[in-house]
Amino acid sequence: MYEYSDFIKDIYKLTGIDLACYKERQMKRRLETLVKRHKLPGFREFVDAIQKDKVLYEDFLSYLTINVSEFYRNPNQWKILDTEMVPRLLKEANGRPLKIWSAACSTGDEPYSLVMLLSRHVPLHQISIVATDIDKQILEKAKVGIYDRKSLQNLPEEFKQKYFNQLGEKSFQIREEIKKQVQFRQHNLLRDNYDRNYDLIVCRNVMIYFTEEAKDGIYQKFYQSLRPQGVLFVGSTEQMIHAEKIGFTSEHSFFYVKS
């Protein structure tokens with residue numbers, strides 16, 4: 001009998017994505033919905049189908065990665081980043097450009113928010129953000145940079161006016177001067193290598209989908225990727241319980257400084 005554990009092994013061989021690192025009950029329920037949507041009997045048949053159908057394979061990857069994002073999500077936390085963290089990082093950098101990574105960036109709302117925020121502190125040409133996600137399709141969407149009004153609801157009005165073109169009643173496109181400061185790359189947090197010496201890593205609202213073991217492994221890799229006194233900025237539901245064991249010092253609940 002073909003079990004969910006067999007499906008996990010086959011998907012890993014096909015995609016390099018380890019579903020065992022995701023919370024099983026939650027992920028299995030999502031995938032069962034997807035299998036039914038395509039009118040397939042079960043997981044074995046679904047694996048066969050995505051091997052034969054490239055479009056279905058890409059749709060599966062997009063479905064697997066939960067892409068819910070918006071500009072300036074949790075505005076109070078972005079205010080702390082703006083008024084406390086970024087000024088301190090710039091002072092420590094002593095004139096060199098900050099090295100910043102937006103991990104699991106989804107549709108690009110987060111790295112573009114970072115560029116706009118940093119533009120308050122330094123000229124645009126001095127800003128460079130590396131933005132990564134596992135989903136190739138969502139990265140292509142991020143590069144286009146078209147968003148609906150709801151995605152911009154928390155964004156400061158000055159940024160809406162300065163850095164967006166309105167395409168219609170509800171659609172807005174971010175301007176090229178912001179887009180060109182972001183380099184989008186495909187990256188698997190669970191499998192791929194991490195670059196080093198980042199001043200700031202932003203990874204928000206994705207860790208909640210991983211098991212505790214997977215989370216610990218990613219947080220340790222983030223720690224190794226930061227320079228001393230570098231900052232990790234996480235989501236509102238993702239506080240590290242044992243941050244000090246890894247080597248982080250917690251500041252303002254959602255910011256962790258590499259000791």
Side-chain angles (χ1 to χ4, degrees), residues 67 69-133 138-168 171-187 194-205 222 225-227 229-235 254-255 257:
N67 295 303
S69 189
E70 61 188 63
F71 289 86
Y72 260 62
R73 191 172 186 176
N74 312 115
N76 290 337
Q77 294 166 28
W78 285 87
K79 185 177 180 180
I80 293 169
L81 182 67
D82 187 16
T83 59
E84 296 186 40
M85 298 299 168
V86 166
R88 189 174 78 194
L89 290 172
L90 286 169
K91 184 178 179 181
E92 291 167 356
N94 196 26
R96 66 166 174 79
L98 294 180
K99 185 175 181 180
I100 300 173
W101 177 19
S102 173
C105 68
S106 187
T107 51
D109 314 44
E110 186 175 90
Y112 290 143
S113 292
L114 285 167
V115 175
M116 289 183 280
L117 183 151
L118 286 161
S119 72
R120 287 175 167 170
H121 301 270
V122 294
L124 277 173
H125 72 269
Q126 293 182 15
I127 301 168
S128 180
I129 311 288
V130 173
T132 66
D133 201 277
I138 216 70
L139 289 174
E140 292 304 316
K141 184 176 180 182
K143 290 175 187 176
V144 175
I146 295 175
Y147 304 92
D148 60 28
R149 187 182 298 276
K150 187 178 180 182
S151 296
L152 276 63
Q153 64 184 353
N154 290 320
L155 193 66
E157 192 62 34
E158 63 176 288
F159 294 155
K160 294 180 192 175
Q161 297 295 327
K162 191 174 182 181
Y163 294 128
F164 285 86
N165 295 319
Q166 189 163 352
L167 303 180
S171 296
F172 299 79
Q173 184 168 31
I174 197 155
R175 293 183 180 173
E176 287 298 321
E177 60 198 281
I178 299 297
K179 286 165 67 175
K180 70 181 182 181
Q181 308 312 128
V182 180
Q183 291 79 50
F184 289 102
R185 303 173 189 168
Q186 191 175 24
H187 182 269
Y194 290 30
D195 200 359
R196 296 296 179 97
N197 295 315
Y198 285 107
D199 297 284
L200 173 66
I201 297 175
V202 182
C203 185
R204 309 182 72 229
N205 309 300
F222 281 152
S225 290
L226 287 164
R227 65 157 179 80
Q229 301 304 308
V231 175
L232 172 64
F233 179 23
V234 302
F254 310 106
F255 295 89
V257 180

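Along the sequence shown, residues carry numbers from 1.
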What are the two closest heavy atoms between [X] and [Y], and how far apart are they?
{"X": "Ser151", "Y": "Asp109", "answer": "CB-OD2, 4.0 Å"}
{"X": "Asp195", "Y": "Ser225", "answer": "O-OG, 2.8 Å"}
{"X": "Ala93", "Y": "Leu98", "answer": "CB-CD2, 3.7 Å"}
{"X": "Ser106", "Y": "Ala142", "answer": "O-CB, 3.9 Å"}
{"X": "Ala104", "Y": "Asp133", "answer": "C-OD2, 3.4 Å"}
{"X": "Pro97", "Y": "Asp199", "answer": "O-OD2, 4.3 Å"}

Nearest 0.5 Å please: distance from the [atom1] atom of [X] over to the [atom2] atom of [Y].
{"X": "Leu89", "Y": "Gln229", "atom1": "CG", "atom2": "CD", "value": "9.5 Å"}
{"X": "Leu90", "Y": "Arg96", "atom1": "CG", "atom2": "CZ", "value": "9.5 Å"}
{"X": "Ile138", "Y": "Cys105", "atom1": "CD1", "atom2": "SG", "value": "9.0 Å"}
{"X": "Lys179", "Y": "Gln173", "atom1": "NZ", "atom2": "CD", "value": "4.5 Å"}
{"X": "Thr107", "Y": "Leu139", "atom1": "OG1", "atom2": "CG", "value": "10.0 Å"}
{"X": "Arg73", "Y": "Asn205", "atom1": "CZ", "atom2": "CG", "value": "4.0 Å"}

When you compare the side chain of [Y] with that of [X], does any pair of heavy atoms fall below 4.5 Å?
{"X": "Tyr72", "Y": "Leu117", "answer": "yes"}
{"X": "Ile129", "Y": "Val202", "answer": "no"}
{"X": "Phe159", "Y": "Ser113", "answer": "no"}
{"X": "Leu155", "Y": "Tyr147", "answer": "no"}
{"X": "Arg120", "Y": "Pro156", "answer": "yes"}
{"X": "Leu114", "Y": "Leu81", "answer": "yes"}
{"X": "Met85", "Y": "Leu200", "answer": "no"}
{"X": "Lys143", "Y": "Glu140", "answer": "yes"}

Got a sec: does the NZ of Lys160 have more than 12 other heavy atoms crowding it under 6.0 Å? yes
Report yes or no: do Arg175 and Asn165 form a side-chain donor-acceptor pair below 3.5 Å?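 Yes - a donor-acceptor pair under 3.5 Å links their side chains.
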Filter on ring-ring contact (aromatic ring centres under 6.0 Å, His included), then keep only pairs touching residues 99-130, sequence neighbours left out; what's left? Trp101-His187, Trp101-Tyr194, Trp101-Tyr198, Trp101-Phe222, Tyr112-Phe184
Only one of Gln181, Gln183, Lys99 passes side chain to side chain contact (heavy atoms under 4.5 Å, CB included) with Ser128, and that residue is Gln183
Determine whether the aromatic ring centres of Phe164 and Phe71 lie less than 6.0 Å apart. yes
Before we go on, tell me: are the rings of Phe233 and Trp78 under 6.0 Å apart, centre to centre? yes
